[in-house]
Amino acid sequence: MTDSRRPGRLVAAGLGVLGVAAGVAVAELVAASWRPAAGPVVAVGATVIDATPTPLKEFAVRTVGSADKPLLLTGIAVLLTVLAAAAGILARRHRRYALAAGALLGLIGATAAVTRPTAGWTDAVPSLAGGVVAAGALLLLLNSRPVAEAEAAPAGFDRRAFLAAAVVVGAGAAGGGALLLRRRSGGAITAARQAIDLPAAADAAPPLPNGVGPGFVTANADFYRVDTALTLPRIDVDSWRLTLGGMVDQPATFSFADLLDRPLIERHITLNCVSNEVGGPYVGTAKWLGVPLAPLLREAGVRPGADQLVARSVEGMSIGTPVAALLDGRDAMLAVGMNGEPLPITNGFPVRMLTPGLYGYAGSCKWLTELELTRFADVDVYWVQRGWAADGPVKTASRIDRPLPFAQLTAGTVQVMGVAWAQTRGIRRVEVQVDGGAWQPAELLPVPSVDTWVQWRFAWQATAGPHSLRVRATDARDDTQTADRATPFPDGATGWHTVTVTVS
Ligand SMILES: Nc1nc2c(c(=O)[nH]1)N[C@H]1C(S)=C(S)[C@@H](COP(=O)(O)O)O[C@H]1N2
Ligand SMILES: [Mo]
């Protein structure tokens, strides 16, 4: 009798996957309608990201770029499917495994959700609800009988198939509902962003000098994106607040309108990532609009001894910046605009910090919500906890953009060109070396300030054969880039960018 009720292994595995899918769908629906960040999939994914050792993160950024997040989500889905199938097979003999599977998944999701940096205890609710649903659905499916083995069932009525269909429909509805809710709230934020009419800067960006080459300003759509956010924080500007506190005389809270009421500055500034390899793509230049940070800090009254400004974002990132850098006269700002429009959501909407001359991880917190004046001795921020340098000054760097690596060229004059940067110091000289020969000066195109990259070009008389082209830059302090190769970890890559080409 008991045996006749027992589904085959394959059926049991399928029922396990169905039950868990129903649980996950319900958990995501509860989260989406209430607290999007508390969804188990995103919470577990974000926890995995934070727990990933730095070398592996580096490897991921290097090899898969921004595909790392979809890959992580796919990995979670595959693992969950395997676990669910195993739970179904185990529960076929002992029903308590269904309960154990529901409890385990619920607890994993709940633990991940409540331990996120900005979470509260109630963030456990979606996952726990999902766990209960998963266990319940699995038990229901396992306990029902196919018609062939159930004498009492009416002919043609397969109770298990019916239940399975019901669970599929239910899970599909819950999952679809969750996606719809997410999409709708995302759409509302996108619309609110588009409706924002940013005021003109009180202190506008100086016009770009004549002779600036194409590509000097990076379009928003082409601007690199580096962050740990598995799902984009979608912030409602009306309820958004920025608090300024810690070691200050006058703590303050700002709404978005409060910030826009202050005199704004507009500057071309090049931003780059400490994880960028020599020759890498994680660097871009935009025209930023924002509230200058130094006057804000002076008004608040920074107490003696406060040497670090910790910026925190809505999704829990923390970024520490030396107070000295913020008060030394550079154009550090709370940016609200990028290339003439409100900040794109990917680049920190509605407000991000931006500190010229520091790598993004040390001065440019996106989706900002809190500024705390503190000491480096008292607070280790996110990347510092993971071994990166507490201070993040940009190293002088240069890159060859044309010709592309392994290009096939024809003999004659070839325009070699690229960019070099040393924000806050400026670039004095760029030199090109062909096949290890003498360093030859490249022409520098004009720039609006020391805070942007410099475009350079070099007319090369190319002769037939394989060649290597190499570039190095010297900053305005007369420091030339070192030839020593260093990895991005822990404070930025060094070495000369080299490109190999063939001329015929
Ligand atoms: N909230 C948040 N801000 C962040 C990060 C992040 O992971 N989360 N990454 C930082 C890093 S490492 C860089 S290089 C810049 C990248 O900014 P972008 O994505 O606008 O180019 O954002 C910085 N600000
Ligand atoms: Mo970065």
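Residue indices begin at 1 and follow the sequence shown. As the structure lists them, so they are numbered: ligands from 1, and atoms in each ligand from 1.
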Under 6.0 Å from the CZ atom of R477, do we count more than 12 heavy atoms belonging to anything else shown?
no
With a sphere of 6.0 Å drawn around CZ of R241, does it hold more than 12 non-hydrogen atoms of other residues, nucleotides or ligands?
yes
For E315, the atoms of ligand 1 under 4.0 Å from one of its heavy atoms are 1 (N), 2 (C), 8 (N)
Under 4.0 Å from a heavy atom of F223: which atoms of ligand 1 are those, numbered in the order shown and with their elements?
21 (O)
NZ/NE/NH1/NH2 to OD/OE distance under 4.0 Å, R262 and E299
yes
Nearest heavy atom to atom 13 (C) of ligand 1: which of G360, G363, G392, C365 does it belong to?
G360
Per-atom contacts of ligand 1 with S313, taking only distances under 4.0 Å to non-hydrogen atoms
1 (N)
What I want to check is whether the side chains of T285 and W453 have a donor and an acceptor closer together than 3.5 Å.
yes
Could you tell me, atom by atom, which parts of ligand 1 come under 4.0 Å of a heavy atom of C273?
14 (S)
Quick one: does ligand 1 sit under 4.0 Å from the side chain of K366, the backbone, both or neither, non-hydrogen atoms only?
both
Flag the pair R428 and D478 as a salt bridge only when some basic side-chain nitrogen lies within less than 4.0 angstrom of an acidic carboxylate oxygen.
yes
Which of the atoms in ligand 1, numbered in the order shown and given with their element, are less than 4.0 Å from a heavy-atom of N347?
18 (P), 20 (O)
Between T228 and ligand 1, does any nitrogen or oxygen pair lie at a separation below 3.5 Å?
yes
Pair R267, S449: side-chain N/O donor-acceptor within cut-off below 3.5 Å
no
Applying a 4.0 Å heavy-atom criterion (strictly less than), which segment of Y361 is in contact with ligand 1: side chain, backbone, both, or neither?
both
So with a 6.0 Å cut-off around CZ of R303, is the heavy-atom count from everything else above 12?
yes
Within 45° of the axis and under 6.0 Å from the centre of the six-membered ring of Y382, does NZ or CZ of R386 qualify?
yes
Say whether L271, considering both its backbone and side-chain N or O atoms, lies within less than 3.5 Å of an N or O atom on ligand 1.
no
Are I319 and ligand 1 in contact, using a heavy-atom cut-off of under 4.0 Å?
yes
Measure the spacing between CD of Q385 and OG of S318 and express it to the nearest 0.5 Å.
6.0 Å
Side chains of R470 and T498: is there a donor and an acceptor less than 3.5 Å apart?
yes
Between the side chains of Q308 and D378, is a donor N or O closer than 3.5 angstrom to an acceptor N or O?
no
Can you name the atoms of ligand 1, numbered from 1 with element, that are less than 4.0 Å from a heavy atom of V226?
5 (C), 9 (N), 10 (C), 11 (C), 12 (S), 13 (C), 15 (C), 16 (C), 19 (O), 22 (O)
Tell me, please: is R352 in heavy-atom contact with ligand 1, that is, under 4.0 Å?
yes
Does any N/O atom on S364 come nearer than 3.5 Å to any N/O atom on ligand 1?
yes
Check whether any heavy atom of A229 sits under 4.0 Å from an atom of ligand 1.
no
Counting non-hydrogen protein atoms only, what is the nearest one to atom 6 (C) of ligand 1? Give residue, atom name and distance.
D227 CB, 3.4 Å
Contact check: Y224 vs ligand 1, nitrogen or oxygen atoms, below 3.5 angstrom
yes
